[in-house]
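For reference, the structure is listed below as structure tokens.
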Amino acid sequence: RTCVRYFSVGELQFEALVQELKKAESFIFMEFFIISEGYMFDTISEILIDKAKHGVEIRFMYDGIGTQLNMPSKAFDKLKENGVKCRIFNRFTPFLSSIQNNRDHRKIVVIDGHTAFTGGTNLADEYINRIERFGHWKDTAIMLRGDAVWNYTVMFLQLWELYEPKISDYETFIPKYRTICDFESDGFVQPYSDSPLDKENVGKMVYLDIINNAKKYVYITTPYLILDNEMLTALQLAAKKGIDVRIITPHIPDKWYVYMIAWTYYPLLIEAGVKIFEYTPGFIHAKSFVSDDARAVIGTINLDYRSLYLHYECACLLYQSSVVADIKDDFLETQALSQQISIDDCKKLPLRKKIAGWLLNIFAPML
């Protein structure tokens with residue numbers, strides 16, 4: 001028994017997140033890749049401090065590179081002084097080590113075990129367009145309420161306890177659902193995580209399964225398009241079979257070198273029948289798949305090497321849920337604001353940019 005609400009932009013998610021955090025009575029778990037000072041962080045901090053004073057257990061975890069390198073530690077001192085437990089995941093160290101590749105790229109909020117948020121949005125003002133960095137920032141997220149939230153509770157605790165000598169009693173975080181939620185089931189909702197240490201590429205396998213089993217269409221949004229041979233072949237084959245495959249990427253990138261690499265894949269995809277669009281108003285950070293009016297995925301997993309192989313990630317598979325239609329409608333509305341890339345556009349790309357893309361692609365796993 002789980003219901004899902006979809007947010008087509010970070011602003012809407014943030015508004016709902018603030019409302020739900022204020023209702024917390026037992027515990028709040030928060031986990032982000034990027035946290036930056038600003039309106040978003042200040043607003044959340046005030047709520048967390050207030051809740052901690054009223055006895056709510058709060059655990060706040062952030063990544064050692066995504067946040068630690070650009071956020072002063074003093075920003076978290078006030079939280080700690082007021083009872084908020086803060087933790088750096090995989091603290092950055094200035095020594096060469098492969099473990100520095102394994103970042104916590106997840107975005108998870110769990111409130112009292114019955115409500116959870118996940119998606120592409122981090123805790124920084126550009127994600128809600130309070131500041132402008134790369135034009136309009138387009139992101140997506142979902143809010144879950146009900147049984148499926150337990151998956152996110154466990155996901156959070158598992159990473160938190162990598163640095164905790166004492167293991168939590170997980171049962172204490174199981175809510176009394178029936179006293180909190182009163183709604184009918186809405187399709188199948190399956191949250192999942194992906195770890196670089198378990199030798200199972202769950203995120204990639206879910207994406208490939210959707211592409212390979214599509215009957216009519218697959219619509220994809222991703223900020224980064226760096227494809228391995230399996231993913232490239234799957235997308236090409238789906239299009240050649242007559243599946244309507246569409247991908248929306250940013251028109252204003254946050255990383256110019258990744259953007260150059262994406263253009264090396266455009267002609268290969270377009271020639272196979274895949275339709276490529278770039279989000280003209282700015283940067284699209286959303287990571288979403290939707291297929292055949294039946295299945296969708298919203299989460300943190302990009303179509304690049306780091307997300308699919310190196311990072312800790314999470315997402316939610318939705319099947320026969322009413323929110324699938326919302327995700328599809330949002331894709332089509334976003335497409336209407338985007339410009340389609342043609343094979344002629346690829347041919348007109350300056351030679352220096354083509355060469356740059358080919359050379360950078362050699363180092364794609366490190367970008």
Side-chain angles (χ1 to χ4, degrees), residues 4 6-13 33 105 107 118-122 126-129 134-142 203-204 206-211 214 216-227 231-232 234-235 238-239 243-255 258-259 261-263 265-266 269-270 274-304 306-308 311 313-318 321 323-341:
V4 184
Y6 175 68
F7 304 103
S8 59
V9 288
E11 296 91 312
L12 296 176
Q13 182 210 3
F33 177 59
H105 193 245
K107 295 89 179 168
T118 193
T121 51
N122 282 294
E126 60 265 32
Y127 290 84
I128 57 173
N129 288 291
F134 311 103
H136 180 264
W137 193 292
K138 165 71 173 173
D139 226 317
T140 59
I142 53 174
K204 179 181 176 180
V206 172
Y207 284 165
L208 285 175
D209 183 68
I210 292 175
I211 296 168
K216 296 180 180 179
Y217 73 85
V218 178
Y219 297 160
I220 301 166
T221 63
T222 181
Y224 312 124
L225 192 67
I226 301 178
L227 306 175
M231 192 65 69
L232 176 61
L235 290 167
I243 308 301
D244 182 8
V245 182
R246 307 182 193 181
I247 304 174
I248 302 179
T249 63
H251 183 64
I252 303 176
D254 66 334
K255 299 178 177 68
V258 175
Y259 184 65
I261 294 174
W263 271 84
Y265 293 103
Y266 284 1
L269 292 167
I270 293 170
V274 177
K275 300 179 182 70
I276 303 291
F277 300 87
E278 288 189 350
Y279 181 60
T280 310
F283 182 62
I284 187 163
H285 191 253
K287 309 96 166 47
S288 68
F289 272 57
V290 60
S291 176
D292 295 347
D293 296 346
R295 293 196 290 176
V297 169
I298 297 292
T300 68
I301 308 171
N302 297 315
L303 281 178
D304 66 359
R306 286 195 167 274
S307 268
L308 296 177
H311 288 168
E313 302 279 3
C314 66
C316 188
L317 175 65
L318 307 163
S321 171
V323 79
V324 172
D326 297 332
I327 297 170
K328 178 187 179 183
D329 289 344
D330 182 44
F331 179 93
L332 295 175
E333 291 174 7
T334 304
Q335 179 188 310
L337 298 172
S338 305
Q339 61 188 59
Q340 185 169 359
I341 305 300

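The basis for the numbers below is simple: all heavy atoms, side chains too, and nothing from hydrogens, waters or symmetry mates. In this chain, residues are counted from 1 in sequence order.
- Counting all heavy atoms, side chain and backbone alike, G135 lies closest to N129 at O-OD1, 4.2 Å.
- Under the 4.5 Å side-chain criterion, counting only non-hydrogen atoms from C-beta, L303 is not in contact with I247.
- Residues Y265 and I276 fail the side-chain proximity criterion, which asks for heavy atoms closer than 4.5 Å.
- Taking all atoms of both residues into account, the shortest heavy-atom contact from V274 to L235 is CG2-O, 3.7 Å.
- Put simply, the side chain of I301 reaches to within 4.5 Å of the side chain of Y207, judged on heavy atoms.
- Formation of a donor-acceptor pair under 3.5 Å by the T118 side chain with backbone atoms of K107 is found in this model.
- For N122 (side chain) and F33 (main-chain N/O), a donor-acceptor pair under 3.5 Å exists by modelled atom type.
- Judged as a side chain to side chain contact (heavy atoms under 4.5 Å, CB included), and not counting sequence neighbours, the contacts of A238 are I211, I243, V245.
- Residues satisfying the side chain to side chain contact (heavy atoms under 4.5 Å, CB included) test with T140, not counting sequence neighbours, are Y6, K138, A286, I298, D330.
- Side chain of D304 to backbone of I226: no donor-acceptor contact under 3.5 angstrom is found.
- Atoms CZ and CD, from R306 and E313 in turn, are 11.0 Å apart once rounded to the nearest 0.5 Å.
- Of all the heavy atoms in G203 and L308, the pair that sits closest is C-CD2, 4.4 Å.
- Closest of all the heavy-atom pairs between G10 and T121 is CA-CG2, 3.7 Å.
- Between atom OG of residue S291 and atom NZ of residue K328 there is a gap of 10.0 Å, rounded to the nearest 0.5 Å.
- For the pair P223/N302, a side-chain contact is recorded, criterion being any heavy-atom separation below 4.5 Å from C-beta on.
- Taking CG of D292 as the start and OH of Y219 as the end, the distance is 9.5 Å to the nearest 0.5 Å.
- Remark: L225 CG to E278 CD distance equals 10.0 Å, nearest 0.5 Å.
- Between the side chains of Y279 and T221, no donor N or O sits under 3.5 Å from an acceptor N or O.
- Taking CD1 of I252 as the reference point, atom NE2 of H136 lies at 11.0 Å (rounded to 0.5 Å).
- Screening F283, Y266, F277 against T249 for a side chain to side chain contact (heavy atoms under 4.5 Å, CB included) leaves a single residue, Y266.
- Ring pair H285/Y224 is perpendicular by interplanar angle, where above 60° counts as perpendicular and below 30° as parallel.
- Atom OG of S288 and atom CG of L318 lie 11.0 Å apart (nearest 0.5 Å).
- Here the options are V324, L332, D329, the test is side chain to side chain contact (heavy atoms under 4.5 Å, CB included), and the partner is V290; only V324 passes.
- In the model, Y127 has no side-chain atom that pairs as donor or acceptor with a side-chain atom of D139 under 3.5 Å.
- The aromatic rings of Y259 and W263 stand perpendicular to each other, their planes meeting at an angle above 60°, with 30° marking the opposite boundary.
- Contact between V297 and A315 at its shortest, heavy atoms only, is CG1-CB, 3.9 Å.
- Applying the salt bridge (charged side-chain N to carboxylate O under 4.0 Å, His left out) rule to D254 yields no partners; only residues at least two apart in sequence or on another chain are considered.
- Panel note: side chain T280, backbone L337; a donor-acceptor pair is recorded below 3.5 Å.
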